[in-house]
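For reference, the structure is listed below as structure tokens.
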Amino acid sequence: MTRLEKFQLPAVAGLFLISGAAGLVYEVVWLRQLSFVFGVTSQAATTVLAAFMGGMALGSWLLGRVADRMRRPLFFYALLQAGVAATGLLVPLLLQLAQLVYVPLYGATGGSGFLFTAVRAALAFLVLLPVTTLMGATLPALARHTGRTREAVGRRTGLLYTLNTAGAVVGTLAAGFFLIEHLGLWGSTMMAAGINLAAAGGAFALSRMASAETKPRKAESASPPGKRGRLLLWLYAISGFAALGLELVWNRMLILWFSNVTYTFSAMLAVYLVGLALGGAFGSWLVKRLKKPQRAFVWGEIGVGLAALATTGLALNWPLELGRASQAVVGGLAGWGSLVASSLVLTLAVMLLPTFLLGMLFPIAVRLYARESGGVGRRVGELCAANSAGTILGAAATGFVLIPLLGFQGSLLLLTGLSVLVAAAAAWRWLEKKTLALTSCAATLAFGALWLPFDRLGENFLREGETLLYYDESESGTVEVRERADDPANGGVTTRRLVIDGNQATYTAVSDMRKNRMLAHLPMLVHPDPRDVLVICFGSGSTFGALAVYDTVERVDCVEIAPAVLECAPFFSEFNLDVLANPLARVIVDDGRNYLLCTDRRYDVITAEPMPPAVAGVVNLYTVEYYELCRRALKPGGVVAQWIPLYQLAVRDVRMLAASFARAFPHAQLWLTGDDIVLLGSDGPLSVDESRFAAAARDPDIVRTLAEVGVPGPMALLDRLALDDAAFRSYARGFEPVTDDRPVIEYSAPRNYRAPATVHDNLRAIEAFRP
């Protein structure tokens, strides 16, 4: 190795590390930006992920061949990084263009069906195609630069993979814990683009230095892979299928142990990437010492299956004990620090070993595939493309087919079985002494079948005295209905809870049902003649049902993202008045924001009771842009009612949410419901007509639905008006609104996790502005 090469290799590695950080920042930002157009349904998220990975696969496959024809592959890498910066900044503009096609298509297809799904996937692919194609070619380009001999390809490419993945860890944590909160989506994109430009500049300088001292490398060509090479591509694609499927199962399972907030998602992704990076580093060290890398590939795949079964089975067999152990490890940490730290510990226990082995396999696979003649860039590109294609299918199949049909345990056994079958196929074709390997494959599958507890995971998370009435693991989330007889928190009356991905969505205690009913009655009584009504989020259906009792109503629509939630409606029929059987009611299964973006219907009243804003992804239903969509969907003089909790939100957080509402609606009010508030907004003045409240007091259905939650009648609601239009403007003034670009509340709200005094502090702040 020349002196120049000794200097260049660490420098190139550093460039690839920082570009890995930029890549994960882009991915986090793009998933958010695409959700504003395509929604946050699991189907939409999967199509976005498939588009991202599809572009990466295409870039690896096509441009990896171009890298082989480049005499200065480092200069080619510099061009790729500059291109990533330029095209990455174009994504928001391309999204606007895609929206021009997406919205009319939604109206033409009703937002469902194979055609709509296919076109949405195509649009997402086209939006991300330019930038992800360039990103996919960066590893083949650097592999072509550093892999001067076939023996060095596996080791050096594995090292590049390790450093790029380590950079991805940094990008994940930076985006999840700092950048988006403080810089916003656009600021984070600008920073990532700046990193790409810095990498481009560094690569260009290194290329100039190399050109001054060394001859340009000869262009390479590669013959088509032989039988061994084609088999490896198929096996590595199946390995990618299993790896992405396992990540999805782990994420869906682990979120049941702790609150579903953005920090826990970032922590889980970071642990997954740390495992890959450490494994890649070990594999890079190991691969140059291997005389028979095919044997290491076989045993590595067996190890992936065995480790995944062992660690995940541990979590499934003793979930509460493992949760308590993770809490004990974090010691004296409290609040959100305890939440994040315990999620890290638990995720490390489940994911680290299997992901370490997955990362180790990459340099080994590169070493095996590099045995094919010539064309380092093409070889690495084809291998990465095959693995990416597998991950696309793995994400879609696991989310939409395996989990709904087989549940977490069955999906886990099948996915680890795929890793074992990859090992068995490789052993059968490549190993002379294959008996031990094949026997180990069979033993691993038998261990999984005996070790995994094939019962309902939800039963392991019940509180004392609770029984499980409903449990569903579907593509839209893990949905449960839990019952508590003689609930001491509700005066000894039996209560039920709807729990989605470990988060309580609704609770039949009187206090919770009261705010649901008030969310329905307040806008209906303030609006002079409500006929067409829309509900965002079904929950228990109690708000939906209360809206349908008004004589003036001609149609009540409800948008609910999770079909399983609708299946739970009979468990809450006492509170939702069996609304799904009401001929006035219509249910749309969709993301609420996506429906508002695409519908041409107009409503007199729109109510929204999403999950609290601390829950990951829910902030999309609390931003200025969302409220503007609501306002656009109103008839003249229409009223929007928005629920906001006062618990686990600091005073600043609630006033930021109020500022967002005030930015979108020229007229607004704040009503108290207990530990929550309801905001009413309209494009016209909001008049509280006491005669309308008095007339409602003569309607037995309205009176009954209020009396059931401890409100004597409609007239008693008048005392709940805390802030009129002028007072509300004063209360919200001076606080930064929550926007799509700056979803600050999603990051600040979890920091009040289990904070005891927020309700009192918020009520006192509201009282200070009360007329």
Side-chain angles (χ1 to χ4, degrees), residues 15 17-37 40 48 52 81-82 84-96 127-128 131-132 135 164 166-201 261-270 273 336-337 340 613-626 628 649-650 652-653 655-657 659-660 663 734-752:
L15 295 179
L17 186 147
I18 63 172
S19 70
L24 254 293
V25 172
Y26 280 131
E27 183 175 353
V28 172
V29 168
W30 292 337
L31 285 172
R32 282 184 170 275
Q33 289 175 332
L34 283 140
S35 74
F36 300 147
V37 177
V40 293
V48 169
F52 182 88
Q81 287 293 334
V84 169
T87 53
L89 294 174
L90 285 176
V91 168
L93 174 60
L94 295 175
L95 273 175
Q96 293 298 317
V127 167
L128 297 180
V131 61
T132 53
M135 292 171 73
N164 193 249
V169 175
V170 175
T172 297
L173 296 176
F177 285 81
F178 181 80
L179 291 180
I180 295 176
E181 179 181 3
H182 296 284
L183 300 182
L185 300 182
W186 180 245
S188 300
T189 300
M190 292 287 287
M191 173 169 283
I195 293 173
N196 289 132
L197 290 176
V261 301
T262 189
Y263 296 116
T264 56
F265 268 114
S266 298
M268 286 191 291
L269 179 57
L273 294 170
W336 83 287
V340 174
V615 176
V618 178
V619 70
N620 284 5
L621 299 181
Y622 286 94
T623 66
V624 172
E625 291 82 357
Y626 163 72
E628 288 174 343
L649 287 178
R652 172 179 173 268
D653 294 334
R655 295 181 75 172
M656 287 173 61
L657 292 170
S660 309
R663 175 74 65 87
F735 285 84
E736 177 188 4
V738 181
T739 64
D740 287 349
D741 185 63
R742 296 289 303 275
V744 180
I745 196 74
E746 186 173 61
Y747 299 89
S748 60
R751 292 198 286 268
N752 290 290

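Taking the side chain as every heavy atom from C-beta outward, Leu24 and Val170 never approach each other to under 4.5 Å. Using a 4.5 Å heavy-atom threshold, the side chains of Thr189 and Leu89 count as touching.
Contact record, Ser188 with Val29: CB-CG2, 4.0 Å, taken as the closest heavy-atom pair. Nearest heavy-atom pair, Ala22 versus Ala192, reported as atom, atom and distance to 0.1 Å: CB-O, 3.7 Å. A pairwise comparison of heavy atoms in Met135 and Gly23 identifies CE-CA, 3.8 Å as the closest pair. For the pair Tyr626 and Tyr622, the tightest heavy-atom approach, listed with the atom from each and the gap, is CD2-N, 4.1 Å. In terms of heavy-atom proximity, Arg652 sits nearest to Val744 at NH2-CG1, 4.2 Å. Across every non-hydrogen atom of Tyr747 and Pro743, the tightest pair is CD1-O, 3.5 Å.
In this view, Glu628 satisfies the salt bridge (Lys or Arg N to Asp or Glu O under 4.0 Å) rule with no residue, not counting sequence neighbours. For the side chain to side chain contact (heavy atoms under 4.5 Å, CB included) test, residues two or more places apart in sequence or in another chain that qualify with Ile745 are Pro613, Val619, Leu649, Asp653, Leu657, Val738, Ser748, Ala749.
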Check step by step if side chain to side chain contact (heavy atoms under 4.5 Å, CB included) holds for Leu269 and Phe265. CA-CA 6 Å; Leu269 179 57; Phe265 268 114; over 6 Å; no
Please assess Ser19 against Ile195 for the test side chain to side chain contact (heavy atoms under 4.5 Å, CB included), listing each intermediate value before the final yes or no. CA-CA 7 Å; Ser19 70; Ile195 293 173; 5.6 Å; no
Using the rule given for side chain to side chain contact (heavy atoms under 4.5 Å, CB included), can you reason through Ser35 versus Asn620, listing the C-alpha separation, both sets of side-chain angles and the distance that settles it, and then say yes or no? CA-CA 9 Å; Ser35 74; Asn620 284 5; 3.2 Å; yes
Working for side chain to side chain contact (heavy atoms under 4.5 Å, CB included), residues Thr623 and Arg742: CA-CA 9 Å; Thr623 66; Arg742 296 289 303 275; over 6 Å; no
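A side-chain donor-acceptor contact under 3.5 Å links Tyr26 and Asn196.
Distance check: Phe52 CZ to Glu27 CD gives 4.0 Å after rounding to the nearest 0.5 Å.
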Under 3.5 Å, side-chain donor or acceptor atoms of residues 171-187 against the rest of the protein: list the pairs with distances, not counting sequence neighbours.
| from | atom 1 | to | atom 2 | distance (Å) |
| --- | --- | --- | --- | --- |
| Thr172 | OG1 | Ala168 | O | 2.8 |
| Glu181 | OE1 | Arg751 | NH1 | 3.3 |
| Glu181 | OE2 | Arg751 | NH2 | 2.7 |

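A donor-acceptor pair under 3.5 Å is formed between the side chain of Glu625 and the backbone N or O of Asp740.
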